[in-house]
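Naming: A, B, ... by sequence-line order, numbering from 1 per chain. These numbers come from a predicted model, not from an experiment.
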Amino acid sequence: MAKIQTPQPVRGTQDMFGETEERFAHVVATFERVRRLYGFKGLQLPVIEPTAVFSRSLGEATDVVSKEMYSFEDRGGDSITLRPEFTAGIARAYLTNGWQQYAPMKLSVHGPLFRYERPQKGRYRQFHQIDAEIIGAAEPAADVELLVMADQLLKELGIDDGVTLQLNTLGDTQSRDAWRAALVSYFNDHRDVLSEDSLARLEKNPLRILDSKDPDDRGVAYAAPKIDDFLSAEASDFFAAVTAGLDAAGVAWTRNAALVRGLDYYRHTAFEFVTDRLGAQGTVLGGGRYDGLIENLGGLATPAVGWAAGIERLAMLLNGVGKPLRTASIVVEIDSDKLFSVAKQMEKRIRKEGMPCGIISEGNPKKRFDRAKKLGTDYILTLNENADGSFAFGVKRNVLDRYKTTGRLNVALKFYLRDVFGVSPTDWRVVSHGGGTLKLDK
RNA sequence: GCGAUCGUAGCUCAGUUGGUUAGAGCGCUGGUUUGUGGUACCAGAGGUCGGGGGUUCAAGACCCCUCGAUCGCCCCA
């Protein structure tokens, strides 16, 4: 008989469990809380879109469209793509639902995205992002709002340490085009020193030479023409307004004139929060203004700005998952229906008080304690029977109460112990806070 | 798409220049001891050494292919 081969997971996907999952959930929960503080509305969007949503919005970035999207034909012969980003889908929803009527819109989403790439540190084929966008707002205050929110989010996650906000402007269309032309001619004059990769970039995506990692390119890139020399008065004022807004809000930033975007629809502000703690994938949150995108999708020229951040990367940077909930295990030491029913009632009250709790009553007594210890619960409550038929109720505390949550256990069982067993709340208070054993008379 | 490193039990790994029947810790199962403080004891189950092919008297080890993982390059919406 042939052995059944267990199917393997799809490359670049992950199964999250335990601490990994808790970190992930913490990032999402924090984002959901913070985005509300700034008045961003939530969105739920399809994971699949017509391929045109992305191929049209991404425009000339042929590598990205042809090689790095998960696309397939459905049974009707339509080309469908698993969303590789949020922005294009949001723009499509904005247009097809007539959301112009609500402009300017502050929107947020999170969920899975798919890119057919080689997995590496902090980079998966199915990955997850949080995303925030402001559509229909042309003023620099929108950029500032988004950045202030991002800054607060990173601070609340406790990962702002070692993370810096790098900021640049790509100018408006005229500025950007003039700068790009100057760069092409400059790099053409220095072909001899450019790396092989950068010679290819010169044809396809010259701006990208500026942030090349190749040491050969560094010198030329550093001396390359600067956007500042090509900025129109309007573009210059816009950027000044953004930086002034950040300063006023107390958000630290550094100028990175080499920070660029590969796609043509980006204008003005480009930014990345960067860390040195994630190897080659240093960007923790990135975005910019994409005033040209909605036109690419057939809409009226609509200003928009937004950012996205990889949840996995944020989760990796998390130092802890926040304030832990105190937990309890009830060990019923011997098999007894009466003890089990007492345990059940205690468990219910403890849970109702918001403290996770479970009963352990399988295996020999030693195993029960081993299991309770292994669960790492903060309190182990024991139930046994004394020789005289009364119950012995023990409380063992496994942790120092750094978070002042001792009260919960006390409150959960206070009246139960008093009403059913006549235990005085004072005696119970001592035991629940310091540990010890109580005799429960029926 | 390219490069480097790696793949042995459920997990983390050992396994010498190729040489008897592939090991340990943890976990798991059963039991013993003990009214429980992260350290008891005994026993047991569990491995096509990622997969395929080759070299050899002999391959977990060497060679080729393949799949996967990790890290980097390209790309990064």
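For the C1' atom pair drawn from B:C41 and B:U33, the interatomic distance equals 7 Å after rounding to whole Å. Nucleotides B:C62 and B:A24 place their P atoms 24 Å apart, quoted to the nearest Å. B:A14 and B:G30 have their P atoms separated by 32 Å, given to the nearest Å. Between the P atoms of B:U48 and B:C11, the separation comes to 13 Å (whole Å). The gap from the P atom of B:G1 to that of B:A58 amounts to 37 Å, rounded to the nearest Å. Rounded to whole Å, the separation between the C1' atoms of B:G50 and B:G35 comes to 49 Å. Rounded to a whole angstrom, the distance from the P atom of B:C64 to that of B:G3 is 14 Å. Here, B:C67 and B:C28 have their C1' atoms 30 Å apart, quoted to the whole Å.
Using a 4.0 Å heavy-atom cutoff across all strands shown, A:Gly12 reaches sugar-phosphate atoms only and no base atom. The residue A:Tyr266 sits close only to the backbone: its heavy atoms come under 4.0 Å of sugar-phosphate atoms, none of a base.
Residue pairs meeting the side chain to side chain donor-acceptor pair (under 3.5 Å) criterion with at least one partner in residues 295-312 of chain A, sequence neighbours excluded, are A:Gln14-A:Glu312, A:His128-A:Glu312. The ring pair (Phe, Tyr, Trp, His ring centres under 6.0 Å) analysis of residues 188-214 of chain A, with sequence neighbours excluded, yields the pairs A:Tyr186-A:His190. Within the structure, no pair that satisfies the salt bridge (charged side-chain N to carboxylate O under 4.0 Å, His left out) test touches residues 129-138 of chain A, not counting sequence neighbours.
The OG atom of A:Ser329 sits 12.5 Å away from atom OH of A:Tyr379, with the distance rounded to the nearest 0.5 Å. How far CD of A:Gln345 is from CG of A:Leu417: 11.0 Å, rounded to the nearest 0.5 Å. Atoms OG and CG, on A:Ser390 and A:Asp441 in that order, are 5.5 Å from each other to the nearest 0.5 Å.
Checked against side-chain contact (heavy atoms from CB on, under 4.5 Å), A:Pro50 has the following partners two or more places apart in sequence or in another chain: A:Val53. The side-chain contact (heavy atoms from CB on, under 4.5 Å) check on A:Lys338 picks up A:Ser336, A:Glu385, A:Phe391, A:Lys442, with sequence neighbours excluded. Under the ring-ring contact (aromatic ring centres under 6.0 Å, His included) criterion, A:Tyr38 pairs with no residue, sequence neighbours left out. A:Ala137 pairs by the side-chain contact (heavy atoms from CB on, under 4.5 Å) definition with A:Pro104, A:Ile134, A:Glu139, A:Ala142, not counting sequence neighbours.
Remark: A:Arg208 is in phosphate contact with B:C76, judged by side-chain N or O atoms under 4.0 Å from OP1 or OP2. Contact between the side-chain N/O atoms of A:Arg11 and the OP1/OP2 oxygens of B:A69 is found at a separation under 4.0 Å. For A:Gln120 and B:G72, the shortest distance from a side-chain N or O to OP1 or OP2 is below 4.0 Å. For A:Arg201 and B:C74, the shortest distance from a side-chain N or O to OP1 or OP2 is below 4.0 Å. The phosphate of B:C73 has OP1 or OP2 within less than 4.0 Å of a side-chain N or O from A:Lys213. Considering only side-chain N and O atoms, A:Arg261 lies nowhere under 4.0 angstrom from the phosphate OP1 or OP2 of B:C75. A:Arg83 has no side-chain polar atom (N or O) that falls below the 4.0 Å cut-off from OP1 or OP2 of B:A77.
One can place CD of A:Glu196 at 14 Å from C1' of B:G1, the figure rounded to the nearest angstrom. A:Glu117 places its CD atom 13 Å from the C1' atom of B:C73, with the value rounded to the nearest Å. Taking atom CZ of A:Arg267 as the reference point, atom C1' of B:A77 lies 15 Å away to the nearest angstrom. The nearest whole Å value for the distance from the CD1 atom in A:Ile209 to the P atom in B:C74 is 12 Å. Rounding to whole angstrom units, NZ of residue A:Lys67 and C1' of B:C76 are separated by 12 Å. Going from atom OH of A:Tyr124 over to atom P of B:G68 covers 17 Å, rounded to whole Å.
Contact annotation: the side chain of A:Val342 approaches that of A:Leu383 to within less than 4.5 Å [non-hydrogen atoms, C-beta and beyond]. Using a 4.5 Å cut-off on side-chain heavy atoms (C-beta onward), A:Phe369 and A:Thr382 make contact.
Both A:Tyr265 and A:Asp214 lie near RNA chain B, and the one whose nearest nucleotide falls closer to the 5' end is A:Asp214. When each of A:Pro119 and A:Glu272 is assigned the nucleotide of RNA chain B bearing its nearest heavy atom, the one mapping closer to the 5' terminus is A:Pro119.
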Pick out the pairs of N or O atoms, protein on one side and nucleotides 2-6 of chain B on the other, that lie under 3.5 Å.
{"residue": "B:C2", "atom": "N4", "partner": "A:Arg118", "partner atom": "NE", "Å": "3.4"}

Enumerate the protein-to-nucleotides 11-13 of chain B contacts in which both atoms are nitrogen or oxygen and the separation is below 3.5 Å.
none

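Here the closest heavy-atom approach between residue A:Ile135 and residue A:Ala304 is recorded as CA-CB, 4.1 Å.
With B:A77, B:C73, B:U36 as the choices, the nucleotide that has an atom nearest any side-chain atom of A:Pro84 turns out to be B:A77. Side-chain proximity of A:Asp197 to the nucleotides B:C74, B:A77, B:U36 is greatest for B:C74. Nearest to the side chain of A:Lys121, among B:U36, B:A77, B:C71, sits B:C71.
For A:Arg123 against B:C75, a side-chain-to-base donor-acceptor contact under 3.5 Å is present.
Remark: RNA chain B takes part in the stems B:1-7 with B:67-73, B:10-13 with B:23-26, B:28-32 with B:40-44, B:50-54 with B:62-66, each of 3 or more antiparallel Watson-Crick or G-U pairs, criterion distances under 3.5 Å.
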Can you give one letter per nucleotide of nucleotides 26-35 of chain B, going 5' to 3': B for a protein heavy atom under 4.0 Å from the base, S for sugar-phosphate only, - for none?
-SS----B-B
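Ionic pairing of A:Glu49 and A:Arg92 is present here: one or more N-O contacts between side-chain nitrogen and carboxylate oxygen are shorter than 4.0 angstrom. Note on A:Arg368 versus A:Glu333: no salt bridge recorded, every NZ/NE/NH1/NH2 to OD/OE distance being 4.0 Å or above.
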Hey, can you pull the donor-acceptor pairs under 3.5 Å for the side chains in residues 107-116 of chain A, sequence neighbours left out?
{"residue": "A:Ser108", "atom": "OG", "partner": "A:Arg35", "partner atom": "NE", "Å": "3.3"}
{"residue": "A:Ser108", "atom": "OG", "partner": "A:Lys41", "partner atom": "O", "Å": "3.4"}
{"residue": "A:Arg115", "atom": "NE", "partner": "A:Pro84", "partner atom": "O", "Å": "2.8"}
{"residue": "A:Arg115", "atom": "NH2", "partner": "A:Pro84", "partner atom": "O", "Å": "2.9"}

